[in-house]
Every structure is written in structure tokens, then in C-alpha cells.
Amino acid sequence: MRYDLVIFDNDGVLVDSEPISNTLLAGYLTELGHPTSYEESLRDYMGAAMHRVHDVVLERTGQRLPEDFDDVFHARVFAAFERELEPVDGVVEVLEKLTADGVPYCVASSGSHERIRVGHRKTGLDKWFGDERIFSSQDVGRGKPAPDLFLYAAERMGVPPEKCLVVEDSPLGVQAAVAAGMDVYGFTAMTPAERLDRADELFVDMRELPRLLG
């Protein structure tokens, strides 16, 4: 295999959380007087850290979101996760294959450590991701599309960027991986392929990934 580390995004790549979280985000922003559709939430915020939501709303409206916005939103998301969240179809088979082949992997997510762990506990992916494999935008100064998070994950895992592969489903994540000097495969199960056109490869079924990895 030509990579020494596979770095997974979390939301939409490991756990099927994007429909849940973007439905709730659009609804909450609309409640607060910032009308937002589900499609607009996916377009503007998918793959981003929470600070982007605050930044975009402030830039567009001149208004700041409430101080408790993140806490209220995450409480709604975590409750929905407990009811509905599932792993991305086929991802367990991918993790089994990487483990059997001795290929190191980790997760680097715009979400908080708490969000990652809540999702992994609900879906059973905590079996595959100990603390040493989990990296969050909380760990660095800037989230995606900045390269900081992916570079931090690679450094902590002891692998140079050029030997890393990132698996992403958002344009912001692909942009971050490219900026980090890493190869990136775009997962198009939810995202139109043309929005991930900077990726080195595109695939729509997670079970395709081991074959692409060689």
C-alpha cells in the first residue's frame, strides 16, 4: 500500500450524521431569525467547525448568534444521535481490512471530541477508535479548510504528510487535505462529485475504499 496512514473525516464518512446535524442546524438557525434550508446548511457548513457558523451569520447579517448557541445545538444533536445515528454503510468492513493489513488509521474531525465520542459510542465505532486515534479541530487553532488539523494528526501519528491519505466528503475537508500536501479521496455518497473535484479519487460506496488503497 502506498500510504502509511489513512485519516478519516468523521461526519458523513464514519458516522451517517450529516442529514441529522444539518437538518437540526437549519432548523435552529431559522428559529433564531436566520432562515436556512437543509440544502443551504449542507452547502455552507458541511465539514466545518462551529466557528464557521458564527462567522458566516455575522458576516451576512451583522448579528451574533446567542452565547449558548453551541451548547443548545449540541444538546439537540446528541439527543438525535442517541435515537437515530448509524455508522456509514460499509465502514466497519473497511476498518476490519485496515486492521488486518496493519495499516494505521485515525479520525480528524471538525467536530468536538465530545461529538466524536458520542457518535462512536452509539454506532459501536468506539471499538476501533481509542483516544490516540481521535483528533478534533479543538486541538488546533483553525479548523478546515485550514490544513492545521490534518497536519497535527499526521504529526501525532508519526507519519509525514506526503505518506497520508485523507478520506473526506466535504469541499472544505478536501481543500484542507490539499493544503496539507496529502492525497485525498472524495466520498460522494451525499456530496455531488463536482463539489469534490479537487480530490485525487472519487468513490460512492465505502466498500470501494480498500480496492482504491491498493
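Scope of the values below: all heavy atoms of this structure, side chains included, with no hydrogens, waters or symmetry mates.
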*L151 and P161: which non-hydrogen atoms are nearest, and at how many Å?*
CD2-CG, 3.8 Å

*Taking only Lys NZ, Arg NE, NH1 and NH2, and the carboxylate oxygens of Asp or Glu, determine whether D183 and R2 approach each other closer than 4.0 Å.*
no

*Under a 4.5 Å side-chain heavy-atom rule over Ile, Leu, Val, Met, Phe, Trp and Tyr, are L202 and M182 clustered together?*
yes

_Atom pair CZ/CD of R198 and E168 - distance to nearest 0.5 Å_ = 12.5 Å

*Hey, could you give me the CG/NE2 distance between L85 and H120, rounded to the nearest 0.5 Å?*
9.0 Å

*Quick one: does E208's side chain have a donor or acceptor within less than 3.5 Å of a partner on D205's backbone?*
yes

_Modelled atom types, side-chain donor and acceptor of H54 and D70, under 3.5 Å_ = yes

*Does a side-chain heavy-atom distance below 4.5 Å link M50 with F73?*
yes

*Under 3.5 Å, is there a donor-acceptor pair linking the side chains of D200 and Y185?*
no

*Output yes when a side-chain donor or acceptor of E155 lies under 3.5 Å from a complementary backbone atom of Y152, and no otherwise.*
no

*Starting at CG of L149, measure out to CD of Q138 and round the result to the nearest 0.5 Å.*
11.0 Å

*Passes side chain to side chain contact (heavy atoms under 4.5 Å, CB included), V91 versus V13? Steps please.*
CA-CA 8 Å; V91 79; V13 171; 5.8 Å; no

*Heavy-atom side-chain contact between R43 and R195 under 4.5 Å*: yes

*Between T99 (side chain) and K97 (backbone), is there a donor-acceptor pair under 3.5 Å?*
no

*Rounded to the nearest 0.5 Å, what's the gap from CD on E194 to CG on D197? Could you check?*
8.0 Å

_For F78 and H74, take the angle between the two ring planes, folded into 0 to 90°, and tell me which bin it lands in: parallel under 30, tilted 30 to 60, perpendicular over 60._
parallel

_Shortest non-hydrogen contact between G173 and F150, atoms and distance_ = O-CE1, 3.5 Å

*Close side-chain approach of L25 to V53, heavy-atom, < 4.5 Å*: yes

_If you count heavy atoms of other groups shown closer than 6.0 angstrom to CD of E59, is the number above 12?_
no

*How far does CD1 of I7 sit from CG of D9, to the nearest 0.5 angstrom?*
11.0 Å

*asked:* Contact between V94 and P210 at the side-chain level, heavy atoms closer than 4.5 Å - yes or no?
replied: yes

*Could you verify whether a donor N or O on one side chain and an acceptor N or O on the other, from S17 and D11, lie under 3.5 Å apart?*
yes

*Side chain of T23, backbone of P19: donor and acceptor closer than 3.5 Å?*
yes

*Examine distances only and state if a side-chain atom of T123 and a backbone atom of E86 form a donor-acceptor pair shorter than 3.5 Å.*
no

*When hydrophobic residues are tied together by side-chain contacts of less than 4.5 Å, even through go-betweens, does I116 share a cluster with F8?*
yes

_In one Ile/Leu/Val/Met/Phe/Trp/Tyr side-chain cluster, 4.5 Å: V92, V15_ = yes

_If you define the side chain from C-beta out and look only at heavy atoms, does anything of L165 sit under 4.5 Å from L5?_
no

*Under a 4.0 Å N-O cut-off, is there an ion pair linking R207 with E93?*
yes

*Taking the side chain as C-beta and beyond, is there a heavy-atom pair between L29 and V57 under 4.5 Å?*
yes

*Compare every heavy atom of S136 with every heavy atom of S112, then report the nearest pair and how far apart it is.*
CA-OG, 3.6 Å

_Exercise: identify the closest heavy-atom pair between M46 and S170_ = O-CB, 3.5 Å

*If you measure from the Lys or Arg side-chain nitrogens to the Asp or Glu carboxylate oxygens, is any gap between D131 and R117 under 4.0 Å?*
yes

*Is a salt bridge present between R52 and D44, judged by a nitrogen-to-oxygen distance below 4.0 Å?*
no

*asked:* I'd like to know if D126 and R121 make a salt bridge, using a cut-off of under 4.0 Å between side-chain N and carboxylate O.
replied: no

*Apply side-chain hydrogen bond (donor to acceptor under 3.5 Å, both in side chains) to D139 and H113, showing your working.*
CA-CA 9 Å; D139 301 326; H113 278 280; 2.9 Å; yes

*asked:* Cation-pi check for Y28 against R76: NZ or CZ below 6.0 Å from the six-membered ring centre and within 45 degrees of the axis, yes or no?
replied: yes

*Taking the six-membered ring for Trp, are F129 and Y105 ring centroids under 6.0 Å apart?*
yes

_Interatomic distance, E67 atom CD to R64 atom CZ [nearest 0.5 angstrom]_ = 10.0 Å

*Any side-chain heavy atom of L209 within less than 4.5 Å of one from V167?*
yes

*Indicate the atoms forming the closest heavy-atom contact of L32 with P66, along with that distance.*
CD1-CD, 3.9 Å

_same_hphob_cluster(W128, M206) at 4.5 Å side-chain heavy-atom cutoff_ = yes

*D169 versus E18: any side-chain heavy-atom pair under 4.5 Å?*
yes

*Is there a side chain to side chain contact (heavy atoms under 4.5 Å, CB included) between S109 and F135 once you walk through the steps?*
CA-CA 6 Å; S109 173; F135 305 101; over 6 Å; no

*F203 and V103: same hydrophobic cluster, using ILVMFWY side-chain contacts below 4.5 Å?*
yes

*Passes side chain to side chain contact (heavy atoms under 4.5 Å, CB included), H34 versus T61? Steps please.*
CA-CA 8 Å; H34 306 291; T61 70; 3.7 Å; yes

*Would you find a donor on one side and an acceptor on the other, under 3.5 Å apart, between the side chain of E201 and the backbone of G186?*
no

*Identify the two heavy atoms, one from P171 and one from L196, that lie closest to each other, and give their separation to 0.1 Å.*
N-CD2, 3.5 Å

*Pair S21, R115: side-chain N/O donor-acceptor within cut-off below 3.5 Å*: yes

*Does the pair V166 and V174 meet the rule for a side chain to side chain contact (heavy atoms under 4.5 Å, CB included), with working shown?*
CA-CA 8 Å; V166 174; V174 169; over 6 Å; no

